[in-house]
Amino acid sequence: MLSSSTSPLHLALCCVTLLSLHFCAAVPTSKVGFGYRLVSIEQNRNGGGLIGHLQLKQRTSAYGPDIPHLRLFVKHETQDRLRVHITDAEEGRWEVPYNLLPREQPPPLGSKASRSPSTASEYAGDQLIFSYTSDPFTFAVKRKANGQTLFDSSCGTIVFKDQYLEISTHLPKTASLYGLGENTQPGGIRLRPSDPYTLYTTDISAINLNSDLYGSHPVYMDLRNEGGEAAAHAVLLLNSNGMDVLYTGTALTYKVIGGVLDFYFFPGPSPLAVVDQYTALIGRPAPMPYWALGFHQCRWGYKNLSVVEGVVEGYKKARIPLDVIWNDDDHMDAAKDFTLDPVNYPRPKLLDFLSRIHSQGMKYIVLIDPGIAVNSSYGVYQRGMAKDVFIKYEGKPYLAQVWPGPVYFPDYLNPNGVAWWVDEISRFHELVPVDGLWIDMNEASNFCTGRCELPVNHSCPVPGSKTPWICCLDCKNITNTRWDDPPYKINASGSQAPLGSKTIATSATHYGGILEYNAHSLYGFSQAIATHEALQGLQGKRPFILSRSTFVGSGAYAAHWTGDNKGNWVNLRYSISTVLNFGLFGMPMVGSDICGFYPAPTEELCNRWIQLGAFYPFSRDHANFASPRQELYVWDSVAKSARNALGMRYKLLPYLYTLNYEAHTSGAPMARPVFFSFPNFTASYGLSTQFLLGSSVMVSPVLNKAKTKVKAMFPPGTWYNLFDMTKAVISKDERYITLDAPLNEINVHVYQNTILPMQRGGMISKEARATPFTLIVSFPFGAAEGDARGSVYVDDDERPEMKLVDGEASCIEFYASLREKTTVTVWSQVEMGRFSLQKGLLIEKVRVLGVQGSGQALVIEVDGEPSADGSGAYLAETSPMHQEKVEGGNSRSSTVVEVAGLSLPLGKKFSMTWKMGING
Ligand SMILES: *[C@@H]1O[C@H](CO)[C@@H](O)[C@H](O)[C@H]1NC(C)=O
Ligand SMILES: *[C@@H]1O[C@H](CO)[C@@H](O)[C@H](O)[C@H]1NC(C)=O
Ligand SMILES: *[C@@H]1O[C@H](CO)[C@@H](O)[C@H](O)[C@H]1NC(C)=O
Ligand SMILES: *[C@@H]1O[C@H](CO)[C@@H](O)[C@H](O)[C@H]1NC(C)=O
Ligand SMILES: *[C@@H]1O[C@H](CO)[C@@H](O)[C@H](O)[C@H]1NC(C)=O
Ligand SMILES: *[C@@H]1O[C@H](CO)[C@@H](O)[C@H](O)[C@H]1NC(C)=O
């Protein structure tokens, strides 16, 4: 695997070095180091890979002393994953804990290297090649297939100090980059050169642009199109310390304040392959219960249970679907976790309410915060103290302030902390049988900064305070340690704020002496893992968790919403980029607060927002107490749009649930950038105003005030309007097409060659999922030949696992073909049909789009036999199709043909065929 310096590669590397010298001029890197020399490299005999030894070339003093000796470990861990791990050769350093994010461990330090290095060498895997130069040590990652350089560190200097790591890569101008969040990106999904990308979990709202928000995801996808062929790959720097990432357009530089350089390269080359490879490492997205794909209503400020009951009633009266009703912290007694307000949410009444809504299939979710009220008569606190579960500062629990007033923060890196948390959730579940948990404020958010004490001269919280978010503890800033005041200041909170500002002091410690400085961005992740363990243990059901703070791997446990946003038009638009980014981060179940968290949205905005929000993977209306009520039934026009858009969502639930299954098995985002299905369509690389649900449903919302038209871009082919399937967009090039978008309508189209499973919909997912199916089959408009396919996955979502197991799940693949303009055939393949048969799921209709003429001579077989089930079937009257928008003129005609009157069991394979008679 290791080839010597005499290979042609040697020449190639020299070229790269020369080229990158040229490009390096563009890297605005402060000269804080002189790099390292590779002094030895050898194969790792046990476990594979290469082990190298690096020696510092020259000391500098900026940002602290350099680490003199580094250990390099490189391994093709799988066919499609390369890891490059660089750490201190002499002492262990902080890394994302291997129990939190399970993965291969590099070999222990101290394995002595013996062979002397070659001046240039390479180490090839199935798809990627790792190559390096020795003096200075630089490395590159290339595609084996075509030699394309994906990563090339010769563009900068490797700096490795205790609290400052720096490394750069050269990037071609043609690279489109995505990811590096969490970040509200006014420029859309494609990263913009010179926008700052700072990663450090922080409670600042999504309204803040280009700042380090709630989550940290140091991963980017790089999509290039060279010579007409698109290829994507991703690069993860697995590191939980704060970092600034600088992107200039021709280079990317990481400036990280701790940990190790632990790179993972995922070769793609398709965007879907990238997320598959990525989630294979970090954990597959959590399976969602079916109801979680229904609509959710929440508000901070549902003062009492009667108000909540009224909201549920309001949805019923307005005939708007609703699956889940939420409480922010209003149900709690004085904002204390796991308690009930005895006056406004008395337990007997709440239980009565829950048994009523549960019997209808509705669900109930409440919020909890990590901060545990310091109150000696509060059981949760007492048990936590007894088990010593809180994060420490100078040997005592670290005191902070959140909604209940003074709090301590549980340490989810402490096994006792996890056990205590699991127990508290199970106690709470006894008190209130909630269906999921919302973990908020887990960046962690603190209203105070520094080292705080309970005030001696006044009470805290201030009784009756209208501003409980103002710090009322006695606090002093901490500046006397290198953790609180590190030599390099990342651009925290978009203002180079101290790291401990409004969060846990970074010199506080977790279990085993782990510094908050290192583990800070893991807090929400570790809480999601503990919460998942707790919920999974209850009733053996599939957990639903919504987390504000996230890290690499959080998607395996929780869903996410984009946090506090603003009820204005730009925030409506920004929501799309953040939702799409989380798909790349392996957290496909994501949405934004529909109609905005605050302040009051206009009726028109809320109207357009529910049209878009109905197609977020996670669809929830949520508002702040200070905003007026904004449930969807409050305005008639919004209610009308909600019935329309959510009505469509509920018909598409089988499709969404199948996407959820695909996400869980392959990491495929539910909501995707258009380039995921059309990687060669370069015009879509920056497209951030439209997106795809799955591979072929395009959502094109109105994102501007006072507009009743929308400019939308469609990759070439036919796109059928899902609300009126007789309307088709036929696209031929990269131009935007202007579509009508009346106030109560959103444009949603399905691409040709698709079979989309739909059901009748309904007011609640429990009922909708039992209704008969209609298969929408789309051929290219008026074409003579065509092939279409689709699939549906159904299962028993009371099971914690989402797995294709006989009797618990079924998977049905659908196929269709059109031959010589005349012969249409639609058929299915069934895997493990038993579950579907037990549930009695039926197909009642097959609707075919794009054919010409009218159908005749229908023949149906079920399980290979002429069908009795299909005996009532008939070919319905056909309706002519309208070419909604045709580029360049098109004289062909087309019709919709429907096979109706079916009662085909979904779980049995069928086949149907008929002839299309042209001109009659
Ligand atoms: C993209 O274009 C290349 C080269 O023309 C072709 O081989 C490939 O199949 C195309 N990919 C897609 C997804 O259309
Ligand atoms: C609940 O709160 C609403 C709004 O504040 C109030 O009008 C109503 O009287 C309250 N009902 C009960 C039962 O407390
Ligand atoms: C402590 O909790 C108890 C019980 O919930 C409550 O009655 C009391 O007001 C709380 N004390 C403080 C100081 O918040
Ligand atoms: C608190 O009150 C004591 C006694 O009245 C006084 O000496 C002290 O300065 C006060 N402390 C603060 C922080 O106000
Ligand atoms: C820090 O972030 C803010 C917010 O994006 C930005 O305006 C500012 O330029 C950044 N500062 C640096 C030094 O990158
Ligand atoms: C403490 O630090 C914060 C920034 O986190 C700053 O706003 C505040 O002025 C500082 N307070 C003192 C007393 O230095």
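As the structure lists them, so they are numbered: ligands from 1, and atoms in each ligand from 1.
In this structure, atom 3 (C) of ligand 5 lies nearest to the protein heavy atom G494 O, 3.4 Å. In this structure, the protein non-hydrogen atom closest to atom 9 (O) of ligand 2 is N304 ND2, 4.8 Å. Of the protein's non-hydrogen atoms, the one nearest atom 13 (C) of ligand 5 is Q496 NE2, 4.0 Å. Closest protein heavy atom to atom 2 (O) of ligand 6: N477 ND2, 2.4 Å.
Counting protein heavy atoms under 4.0 angstrom from atom 11 (N) of ligand 5 gives one or more. Using a 4.0 Å threshold on non-hydrogen atoms, atom 5 (O) of ligand 6 counts as touching the protein.
Annotation: R629, atom CZ; neighbour count of heavy atoms from other residues, nucleotides and ligands within 6.0 Å is above 12.
Within ligand 5, counting atoms from 1 as listed, the ones closer than 4.0 Å to a heavy atom of S211 are 4 (C). Per-residue contacts place S306 under 4.0 angstrom from the following atoms of ligand 2 (heavy atoms of the residue considered): 11 (N), 12 (C), 13 (C). Within ligand 6, counting atoms from 1 as listed, the ones closer than 4.0 Å to a heavy atom of P498 are 5 (O). Distances below 4.0 Å separate heavy atoms of S501 from the following atoms of ligand 6: 5 (O).
Between I167 and T253, the closest side-chain pair of non-hydrogen atoms is not below 4.5 Å. By the 4.5 Å heavy-atom criterion applied to side chains, Y633 and K317 are not counted as neighbours.
At a heavy-atom cutoff of 4.0 Å, ligand 2 is contacted by the side chain of V307 but not by its backbone.
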Should Y197 and Y220 be marked as a ring pair (Phe, Tyr, Trp, His ring centres under 6.0 Å) after you check the CA-CA gap, both sets of side-chain angles, and the distance that decides it? CA-CA 11 Å; Y197 297 93; Y220 68 85; over 10 Å; no
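Partner of I325 under the side-chain contact (heavy atoms from CB on, under 4.5 Å) criterion, out of I365, V308, D435: V308 alone.
Inspection of the H520 and T506 side chains reveals no N or O donor paired with an N or O acceptor under 3.5 Å.
Aromatic ring orientation, W300 versus F597: parallel (interplanar angle below 30°, classes split at 30° and 60°).
Considering backbone and side-chain N/O of N491, one or more are found under 3.5 Å from N/O of ligand 5. Annotation: N210 places an N or O atom under 3.5 Å from an N or O atom of ligand 5; distance criterion only.
Here H296 and W561 keep their ring centres 6.0 angstrom or further from each other.
Under a 4.0 Å heavy-atom criterion, D244 is not in contact with ligand 5.
Y63 does not carry K161 over the face of its six-membered ring by the limits of under 6.0 Å from the centre and within 45° of the normal.
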